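One structure is given here, and the rest of the page talks about it.
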Amino acid sequence: MSKGEVEEKDYTADVAVIGAGGAGLPAAVAAAEKGASVVVVEKQKKHLGGNAVFALGIFAAQSNVQERLGIAADRDRCFRKGMDYAHWKNNPRVLRALVDKSADTIEWLEEKGLKIDLVAPLYPDQAPLVCHVSTTTDKLGATVMRLLADKAGQLGVRFIASAQAKRLIVDREGKVSGVAAETGHDEITVRARSVVIATGGFLGNRALLRQYLQSYDEGEFFYAGNKYDGDGLRMATEVGAATEGMAVLEMEGPTFPWSRYLSVMTRRPNTIWINTRGERFVDEAMAPIFTESANAIYRQPGKVSYAVFDESIKEMIFGAELSSIERHILGSAPWSAKADKDLQANVEKGRVKISSSLEEMARWIGAPPDTLKAEIEAYNNACVNARDPIFAKDRRYLVPLVSPPYYAIRCCISLLTTHGGIKVNHRMEVVDNDDNPICGLYAAGVDAGGTDFDTYNIHLTAHSFGFSVNSGRIAGENAAHTGLKGY
Ligand SMILES: Cc1cc2nc3c(=O)[nH]c(=O)nc-3n(C[C@H](O)[C@H](O)[C@H](O)COP(=O)(O)OP(=O)(O)OC[C@H]3O[C@@H](n4cnc5c(N)ncnc54)[C@H](O)[C@@H]3O)c2cc1C
């Protein structure tokens with residue numbers, strides 16, 4: 001941004017983009033590549049990229065990388081997987097748009113300098129493999145954002161930082177024709193024939209969370225990223241947008257946000273997870289499918305879970321081979337000493353308990369001691385019989401807790417972002433309650449609903465960032481068309 005631009009109050013462009021994150025930056029670059037003049041309004045002062053800077057992986061189907069690595073990830077199969085998971089309550093054309101654009105987007109990002117050399121499984125036997133990562137960086141999302149910001153600069157995209165979009169401007173014919181924003185001391189306007197909304201969801205808006213997410217209020221959550229206020233959703237509905245897919249939280253659980261070593265330990269399949277009633281509540285081996293295990297924790301009192309194991313299970317965890325994603329998180333150096341240190345440190349902070357007495361452990365958890373003891377006895381019997389009669393946990397992971405001391409790690413759910421809200425079609429045009437496009441208005445990224453229904457489908461791994469970049473690109477290309485030629 002040049003100094004002169006800070007002082008301007010009125011801007012004119014073919015396309016205005018609201019938000020410079022995972023969807024906004026691709027939208028701006030895609031529109032500028034089509035020849036449109038673009039102004040981006042971003043509420044942060046310095047940092048571009050929104051929550052996208054945290055992303056480790058990006059979804060794609062039938063990409064050149066998958067082809068190179070001999071990985072079959074048929075588009076139709078991915079599409080059906082997404083639709084079946086949501087029982088066809090999501091938007092098929094929106095999901096199809098993501099799946100069909102995704103391979104081309106990998107090449108588009110590679111042209112800009114991104115290096116992708118791995119398509120990583122999230123869990124054993126995952127198929128198809130779709131999560132594209134780079135072994136040269138653990139900051140794939142941040143790299144993508146930097147490359148796109150550089151490209152936007154080369155293409156002459158103007159950024160107005162510290163500017164919070166407040167409302168859309170609508171002309172006499174009812175077409176969206178710009179956006180009004182506040183910079184703290186001034187109101188600025190950007191006049192444009194088309195506007196792309198990409199403001200990153202509503203995780204910071206408690207009223208909306210309470211309205212759409214059952215028992216949200218009763219949880220103790222860790223917020224893993226930035227929390228946005230739902231400005232995009234509000235602005236769109238003010239001009240008649242319909243909503244779709246409002247009740248989807250992208251979440252991860254169990255997590256122990258204070259130590260990545262302990263967080264990996266709590267997700268090991270040979271731990272058991274106990275709620276505050278002293279009961280198991282899930283097949284713990286499903287931990288890598290972390291949105292679904294988070295769903296199970298979401299149903300527990302207080303939405304907390306304790307990962308419980310004994311000394312010999314701890315040693316088994318330290319000796320086990322790490323998955324490629326875990327190696328990505330922990331690195332390749334030995335980690336057991338660091339984990340042991342973090343266990344001790346968190347005992348002092350009241351987040352971990354180490355005790356040879358199950359009675360004492362139960363009291364720390366807040367559970368009736370008899371219940372916890374009976375639960376562990378039942379689990380140990382299941383291990384002897386090689387059959388978990390309640391949760392049908394894979395027998396390979398049934399290891400009894402018989403070697404004190406016992407460990408308990410208090411875990412919670414991490415919230416990453418909301419999904420959904422503004423209803424769009426496959427062109428990322430915002431539609432009204434009759435599914436008619438609102439002239440000049442587009443939405444992308446997590447502000448746009450449709451890919452998921454009630455649970456973020458982690459089997460299409462990394463389609464959150466994938467949808468952001470792809471929907472941003474689609475919105476930018478179509479917005480450029482409108483911006484240059486009119487509606
Ligand atoms: C810790 C973490 C890890 C993640 N890891 C992954 C991963 O590995 N793979 C994956 O697929 N997904 C991942 N995600 C999700 C991914 O980051 C999101 O899907 C993606 O960032 C969404 O892009 P977006 O543009 O919709 O929102 P964001 O990237 O969050 O961008 C929103 C932008 O809008 C701006 N903004 C908000 N309100 C206004 C306003 N009123 N005016 C102007 N600007 C505004 C914000 O400042 C921000 O810059 C992760 C998320 C988190 C939090």
Side-chain angles (χ1 to χ4, degrees), residues 16-28 40-60 98 102 120 122 130-134 138-142 144-145 148-149 159-168 179-183 188 190 195-205 222-235 248-252 255 257 290-291 325 328-329 414-422 443-448 451-452 456-458 460-472 475:
V17 176
I18 308 173
L25 278 176
V40 180
V41 175
E42 166 55 53
K43 89 172 171 181
Q44 294 293 319
K45 189 172 177 188
K46 284 194 184 139
H47 303 290
L48 299 183
N51 279 329
V53 298
F54 301 116
L56 297 176
I58 182 165
F59 165 91
L98 159 67
S102 61
L122 190 66
V130 290
C131 179
H132 292 57
V133 297
S134 171
D138 60 353
K139 296 190 170 69
L140 178 125
V144 169
M145 291 296 98
L148 289 175
F159 287 91
I160 312 172
S162 304
Q164 181 170 10
K166 291 286 180 183
R167 65 184 168 82
L168 297 171
V179 55
E182 283 176 13
T183 58
I188 58 155
V190 182
V195 175
V196 179
I197 292 177
T199 65
F202 58 93
L203 197 57
N205 188 324
F222 177 78
Y223 293 87
N226 306 308
K227 297 188 286 178
Y228 303 117
D229 301 327
D231 288 344
L233 179 66
R234 178 186 51 74
M235 289 186 284
V248 185
L249 270 179
E250 187 175 333
M251 57 186 184
E252 209 174 313
T255 54
F290 53 76
T291 50
I325 290 276
H328 210 62
I329 296 168
S414 280
L415 299 183
L416 279 65
T417 182
T418 55
H419 279 254
I422 305 170
V446 298
D447 274 352
T451 49
D452 296 279
Y456 173 69
N457 181 357
I458 197 72
L460 296 181
T461 310
H463 78 273
S464 181
F465 186 42
F467 181 70
S468 294
V469 179
N470 285 284
S471 63

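All residue numbers refer to positions in the sequence shown, counting from 1. First listed ligand is number 1; within each ligand, the first listed atom is number 1. Given the structure is predicted, the values throughout are model-derived calculations rather than measurements.
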Show the numbers, then the answer: is there a side chain to side chain contact (heavy atoms under 4.5 Å, CB included) between Val248 and Val446?
-> CA-CA 10 Å; Val248 185; Val446 298; over 6 Å; no
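- The minimum heavy-atom distance between Ala198 and Ala23, with the atom names listed, is CB-CB, 3.9 Å.
- Residue contact check: Ala52 has heavy atoms under 4.0 Å from atoms 17 (O), 21 (O), 29 (O) of ligand 1.
- Listed by chain and number, the residues in a side-chain hydrogen bond (donor to acceptor under 3.5 Å, both in side chains) with Thr461 are Gln126 (sequence neighbours excluded).
- Rounding to the nearest 0.5 Å gives a distance of 4.5 Å between CG of Asp231 and CD of Gln164.
- Using a 4.0 angstrom heavy-atom cutoff, Gly49 counts as in contact with ligand 1.
- At the top of the distance list for atom 2 (C) of ligand 1, counting protein heavy atoms only, stands Phe54 CB, 3.4 Å.
- A donor-acceptor distance shorter than 3.5 angstrom exists from the side chain of Arg234 to the backbone of Lys166, with no hydrogens or angles considered.
- Here the heavy atom of the protein found nearest to atom 22 (C) of ligand 1 is Ser468 OG, 3.0 Å.
- Among the atoms of Asp447, none of the N or O lies under 3.5 angstrom from an N or O of ligand 1.
- Between Ala161 and Lys45 the shortest heavy-atom distance is CB-O, 3.3 Å.
- The main-chain N or O of Gly201 is never found under 3.5 Å from a side-chain atom of Thr418 such that the two would form a donor-acceptor pair.
- The part of Asp231 lying near ligand 1 is the side chain, judged by heavy-atom distances below 4.0 Å.
- Residues Leu98 and Ser471 form no side-chain contact, since every pair of their non-hydrogen atoms from C-beta on lies 4.5 Å or further apart.
- Contact annotation for Glu250 and ligand 1: only side-chain heavy atoms (C-beta onward) come within less than 4.0 Å of the ligand.
- Contact atoms of ligand 1 toward Val41: 43 (C), 44 (N) (distance under 4.0 Å to a heavy atom of the residue).
- Distances between N or O atoms of Lys43 and those of ligand 1 include at least one value under 3.5 Å.
- In terms of polar-atom proximity, Met235 is not counted as a contact of ligand 1, lacking any N or O under 3.5 Å from an N or O of the ligand.
- For a threshold of 3.5 Å applied to N or O pairs, the pair formed by Ile18 and ligand 1 contains no separation below that value.
- Close contacts between ligand 1 and Ala165 involve ligand atoms 40 (C), 41 (N), 42 (N), 43 (C) [criterion: under 4.0 Å to a heavy atom].
- Closest to atom 31 (O) of ligand 1, if we only count protein heavy atoms, is Gly21 CA, 3.3 Å.
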Val195 and Leu168: CA distance, side-chain angles, deciding distance, side chain to side chain contact (heavy atoms under 4.5 Å, CB included) verdict | CA-CA 8 Å; Val195 175; Leu168 297 171; 3.9 Å; yes
Apply side chain to side chain contact (heavy atoms under 4.5 Å, CB included) to the pair Leu48 and Met145, showing each step before the final yes or no.
-> CA-CA 7 Å; Leu48 299 183; Met145 291 296 98; over 6 Å; no
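- With Val17 as the fixed residue, the side chain to side chain contact (heavy atoms under 4.5 Å, CB included) test singles out one of Ile197, Val190, Val40, Val179: Val40.
- Using a 4.5 Å heavy-atom threshold, the side chains of Leu416 and Phe54 count as separate.
- Nearest to atom 11 (O) of ligand 1 among the protein's heavy atoms is Phe465 N, 2.7 Å.
- Listed for the Tyr456 side chain is no donor-acceptor partner under 3.5 Å among the backbone atoms of Thr291.
- Distances from atom 16 (C) of ligand 1 to the heavy atoms of Gly472, Ser414, Ser464 put Ser464 nearest.
- The side-chain hydrogen bond (donor to acceptor under 3.5 Å, both in side chains) test applied to Asn226 returns Asn51, Tyr228, not counting sequence neighbours.
- Between Ala27 and Val196, the closest heavy-atom pair is CB-CG1, 4.1 Å.
- For atom 26 (O) of ligand 1, the nearest protein heavy atom (residue, atom name, distance) is Val446 N, 2.9 Å.
- In terms of protein heavy atoms, atom 29 (O) of ligand 1 is closest to Gly22 N, 2.9 Å.
- Atom 47 (O) of ligand 1 has as its closest protein heavy atom Glu42 OE2, 2.6 Å.
- Counting atoms of ligand 1 from 1 in the listed order, those under 4.0 Å from a heavy atom of Ala224 are 1 (C).
- Ligand 1 has no nitrogen or oxygen under 3.5 angstrom from a nitrogen or oxygen of Gly445.
- Between Ala448 and ligand 1 there is no heavy-atom distance shorter than 4.0 Å.
- No side-chain heavy atom of Phe59 sits under 4.5 Å from any side-chain heavy atom of Asn470.
- Considering backbone and side-chain N/O atoms, Gly225 never comes within less than 3.5 Å of an N/O atom of ligand 1.
- Every atom of ligand 1 with a heavy atom of Gly200 under 4.0 Å away is listed here by number and element: 26 (O), 27 (O), 32 (C).
- Annotation: atom 9 (N) of ligand 1 to nearest protein heavy atom, Gly57 O, 3.1 Å.
- Comparing Val40, Thr199, Thr418, Ile197 against atom 37 (C) of ligand 1, the shortest heavy-atom distance belongs to Thr199.
- Contact annotation for Ala163 and ligand 1: only backbone heavy atoms (N, CA, C, O) come within less than 4.0 Å of the ligand.
- Close contacts between ligand 1 and Ala462 involve ligand atoms 9 (N), 10 (C), 11 (O) [criterion: under 4.0 Å to a heavy atom].
- Remark: ligand 1 atoms within the under-4.0 Å shell around heavy atoms of Ala23 are 23 (O), 24 (P), 25 (O).
- Atoms of ligand 1 found under 4.0 Å from any heavy atom of Leu56 (numbered from 1 in listed order, with element): 7 (C), 8 (O).
- By the criterion of a heavy-atom distance under 4.0 Å, the side chain of Tyr228, and not its backbone, is placed next to ligand 1.
- No N or O atom of Leu416 sits closer than 3.5 Å to an N or O atom of ligand 1.
- Pairing each heavy atom of Ala165 with each of Ile18, the nearest pair is CB-CG2, 3.3 Å.
- Taking only non-hydrogen atoms, the option from Gly24, Gly50, Ala198, Gly201 nearest to atom 34 (O) of ligand 1 is Ala198.
- Under the 3.5 Å distance criterion, the side-chain polar atoms of Thr183 are left unmatched by any main-chain donor or acceptor of Ala163.
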